[in-house]
Number of protein chains: 2
Amino acid sequence: MSQQSRGGGRRPVTMKQVAELAGVHVSTVSRALNPATRPMVVAEAVARVMKAANTLGYRLDPVAASLRTGRSRLVGVLVPDIATSVFTPILTGATARLSTHGYSAMVAYVGADARQQLDLAGDLIARRVDGLILATVSLDDPLVGFCLAEKLPAVLVNRAEKEARVPAVVSDDMRGMQLAIDHLVALGHSRIGHLAGPQQHSTGLLRRQGFLQALAAHGLKAHGLIEAGTYTREEGAQAAQQLIDGHPEITAIVAANDLLALGAYDTVREHGLTCPHDIAIIGHNDMPLVDLVQPPLTTIRISHEEMGRQAADLLQQTIESADSPVRNVVLPPRLIVRGSTAAPRKGRIKSKA
Amino acid sequence: MSQQSRGGGRRPVTMKQVAELAGVHVSTVSRALNPATRPMVVAEAVARVMKAANTLGYRLDPVAASLRTGRSRLVGVLVPDIATSVFTPILTGATARLSTHGYSAMVAYVGADARQQLDLAGDLIARRVDGLILATVSLDDPLVGFCLAEKLPAVLVNRAEKEARVPAVVSDDMRGMQLAIDHLVALGHSRIGHLAGPQQHSTGLLRRQGFLQALAAHGLKAHGLIEAGTYTREEGAQAAQQLIDGHPEITAIVAANDLLALGAYDTVREHGLTCPHDIAIIGHNDMPLVDLVQPPLTTIRISHEEMGRQAADLLQQTIESADSPVRNVVLPPRLIVRGSTAAPRKGRIKSKA
DNA sequence: TTGAAAGCGCTAACAG
DNA sequence: CTGTTAGCGCTTTCAA
């Protein structure tokens, strides 16, 4: 029957030992240690148990508890496996807040493959996670359906679904675009193109809608709108290429995120043009270092860490009270003006390349 | 005795059900399903078990298994909670590789506080992790002593200890500095200062040593060496300030990492100087986007994803064979020449600020 | 080669 | 208020 534990770190103290030292039964220890059941135990006994636990350095075994209760105080977090991005602050915010709620996080970095995502989620469920934070979802994501079917609490972060089936924490993407457009229009721009993001993500879709709507509010229409397939600098460069080729009259580009905007930088430079003089560029996210590129990027700031924290809060609520209503948290974005936007040039682009 | 499971996702299939369907005892199922014990079971029975497991969609319950065996196929990963940095690729590399070894990762983002780190590690141990990957260690870290005492397999990544008590995967930091110095000397520089990193981390210490040693190899000596307390842009800016004030004769700055180098950019700009003309600057890490700053940063590239992968491999070996020797993996860095280095100016700095 | 049985550490219904 | 008892799902010794 030998319990093959790790080589030899002194084996952990069990509840039974605490019970012996305190002179009570294990179940009393269990009750005394759990705040929810503590009132059942007479104060004097609680004190004895606490003391015994302390002197022995007892820690509750979460694995045993989990086997018994089916809960784990463990939360799974699925994030896209991209290095250059906003997911790190989301993660640090979420994990920090989760731990104040008494939860630990299992983070899984996943690619776009839906099959792999389902597998990973299955793993997490097998590990009895109490809930999931998803930073990966598309507008109608099978994973969300899966969680719903399994009755596993889930919260979306950064990206939401088209239909609000589970709680989500997102930035007000349409409002962000409005800030961008208002800024450009105030500078005098009227021929503005859009580098849209992937349309299967809410960020791509809503920012695009926001772009169009904000323009319309000023009585303007889009001068070009190209969709990038992924949020990468390379795709951004390529899309910007098409945008400029198709609409040489534009004086400004609004990108759906910073990486796309930086791709546009590459293209603009390649054409021998300068930003902001020939073309103004504006990003979205305000990710680290974009203030250091040349010119410093004007962009829409989102507080990703706050997003992570709120997602943790929302998940905790969802776990704790089974049928809390599906609540969405929408965070207000902020315009950060730097050097990549200025008044428009007069006349057409004169490409030196 | 009610098992209070999640509201109502159909309760997971148990081994017992598989046993019934296959017409054998649970212990036979257990043996058939575990590759290590499978040879004990007659082939025909194995087949029946497999088929039954498949049709029922059985998944082994890792929690129950863990309670019984003391192992978890779970690995804890401790990383510093900084957003702008090299730890994301280390993490994606490590978690991807871990999963091919059949392990899941619990990632914890931690601050510099030693007490908090110990607590977190305690949590992970309570969750019965089979091992730890530490990206946080200082040159003589209590956490490593703790793991040793608990006989918990641990592997260091990116940063090592002074004494090799446990396996580590690091870049050849001294070699990296040699590449930097050789490059600058080849360009004609001879008055070179160093923006050193925190000396309690191996990266800071070794890069500093490498700097000094590489200079000596060219018959040169340091023109200034300031230590930054943390790897941040702000500290870098401040340290660069001191460096330039104390050694106005320098023509080049070698920074211990990219963030410090970017801080130096700020200072140089503030002084009305230009890089590389007035002062050449070289970083370390080649983190994302440093090719986009102005001027594009010359730096030493480290493959952090590979680092993560190797750390996962090393940990797996350490877990699997208890007393494998303490092996260090040292990855070769590469010089990436961009726009922040050029031939030195003639004469003194003429600050316009 | 397989089944029986014990038990990992904990929680919760039940009885007192 | 507290002790007894059963058992979460699995692994492994022991006996057949």
Side-chain angles (χ1 to χ4, degrees), chain A residues 1-6 10-49 52-53 56-74 125-128, chain B residues 1-6 11-49 53 56-74 125-128:
Chain A
M1 206 81 345
S2 82
Q3 174 79 0
Q4 76 179 66
S5 91
R6 274 179 294 106
R10 53 148 182 42
R11 74 177 47 258
V13 180
T14 89
M15 207 174 243
K16 201 162 144 201
Q17 301 174 49
V18 177
E20 270 158 26
L21 181 57
V24 293
H25 194 264
V26 278
S27 50
T28 305
V29 176
S30 172
R31 289 189 274 250
L33 257 26
N34 182 325
T37 49
R38 189 169 305 154
M40 295 180 166
V41 179
V42 70
E44 194 259 345
V46 171
R48 280 217 315 286
V49 168
L56 293 180
Y58 172 75
R59 300 187 68 138
L60 186 135
D61 183 333
V63 176
S66 179
L67 180 60
R68 185 56 238 254
T69 62
R71 304 192 57 219
S72 62
R73 303 209 72 87
L74 211 57
I125 291 178
R127 298 237 181 230
R128 285 168 156 64
Chain B
M1 206 86 338
S2 81
Q3 172 81 1
Q4 77 177 64
S5 92
R6 274 179 293 103
R11 75 177 49 256
V13 180
T14 89
M15 206 174 245
K16 200 162 145 201
Q17 301 174 50
V18 176
E20 268 159 27
L21 182 57
V24 293
H25 195 262
V26 278
S27 50
T28 304
V29 175
S30 172
R31 287 189 275 250
L33 257 26
N34 183 326
T37 49
R38 189 168 304 152
M40 295 180 167
V41 180
V42 70
E44 193 258 344
V46 171
R48 280 214 318 285
V49 168
L56 293 180
Y58 172 76
R59 300 187 66 138
L60 186 135
D61 183 332
V63 176
S66 179
L67 181 61
R68 184 57 237 256
T69 62
R71 304 193 57 217
S72 62
R73 302 209 72 87
L74 211 57
I125 291 178
R127 298 235 181 232
R128 285 169 156 63

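Excluded from the calculations below are hydrogen atoms, water molecules and symmetry mates; all remaining heavy atoms, backbone and side chain alike, are included. The chains referred to below are lettered A, B, ... by the order of the sequence lines, with proteins before strands, and numbering in each begins at 1.
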- When rounded to whole Å, the CG to C1' distance for the pair A:Asp61 and C:dT11 reads 13 Å
- Note on the structure: Nearest heavy-atom contact between A:Val13 and A:Leu56 is CG2-O, 3.2 Å
- Query: Does a side-chain heavy-atom distance below 4.5 Å link B:Met15 with B:Ser30?
  - Reply: yes
- Between D:dC10 (P) and B:Leu33 (CG): distance, integer Å: 9 Å
- Message: Exactly one of B:Thr28, B:Val46, B:Val49 should register a side-chain contact (heavy atoms from CB on, under 4.5 Å) with B:Leu33. Which one does?
- Response: B:Val49
- Task: Report the nucleotide, chosen from D:dC10, C:dA4, C:dA12, that has the shortest atom-to-atom distance to any side-chain atom of A:Arg68.
- Result: C:dA12
- Query: Expressed in angstrom and rounded to an integer, what is the separation of A:Leu56 atom CG from C:dG9 atom P?
  - Reply: 14 Å
- Item | Interatomic distance, A:Arg128 CZ vs C:dT11 C1' [rounded to whole Å] | 14 Å
- Message: How many whole angstroms separate atom NE2 of A:His25 from atom P of C:dG16?
- Response: 16 Å
- Message: Can you give me the closest heavy-atom contact between B:Ala19 and B:His25, atom names plus distance?
- Response: CB-C, 3.9 Å
- Item | Minimum-distance nucleotide to B:Ala64 side chain [options: D:dC10, C:dT11, D:dT2] | D:dC10
- Spacing between B:Leu67 atom CG and C:dT11 atom P, to the nearest angstrom: 12 Å
- Item | Distance below 4.0 Å between B:Ser27 side-chain N/O and C:dT2 OP1 or OP2 | no
- Would you indicate which nucleotide in D:dC10, C:dT11, C:dG9 comes nearest to any side-chain atom of B:Met15? D:dC10
- Query: Checking B:Arg128 side chain against B:Arg71 main chain: does a donor-acceptor pair fall under 3.5 Å?
  - Reply: no
- Query: Whole-Å distance between C:dT2 C1' and B:Glu20 CD?
  - Reply: 17 Å
- Within this structure, what is the CZ-to-P distance between B:Arg31 and C:dG3, rounded to whole angstrom? 8 Å
- With sugar-phosphate meaning primed atoms plus P, OP1 and OP2, does B:Thr28 contact a base, only sugar-phosphate, or nothing at under 4.0 Å between heavy atoms? sugar-phosphate
- Query: Are A:Tyr58 and C:dC10 close enough that a side-chain N or O sits under 4.0 Å from OP1 or OP2?
  - Reply: yes
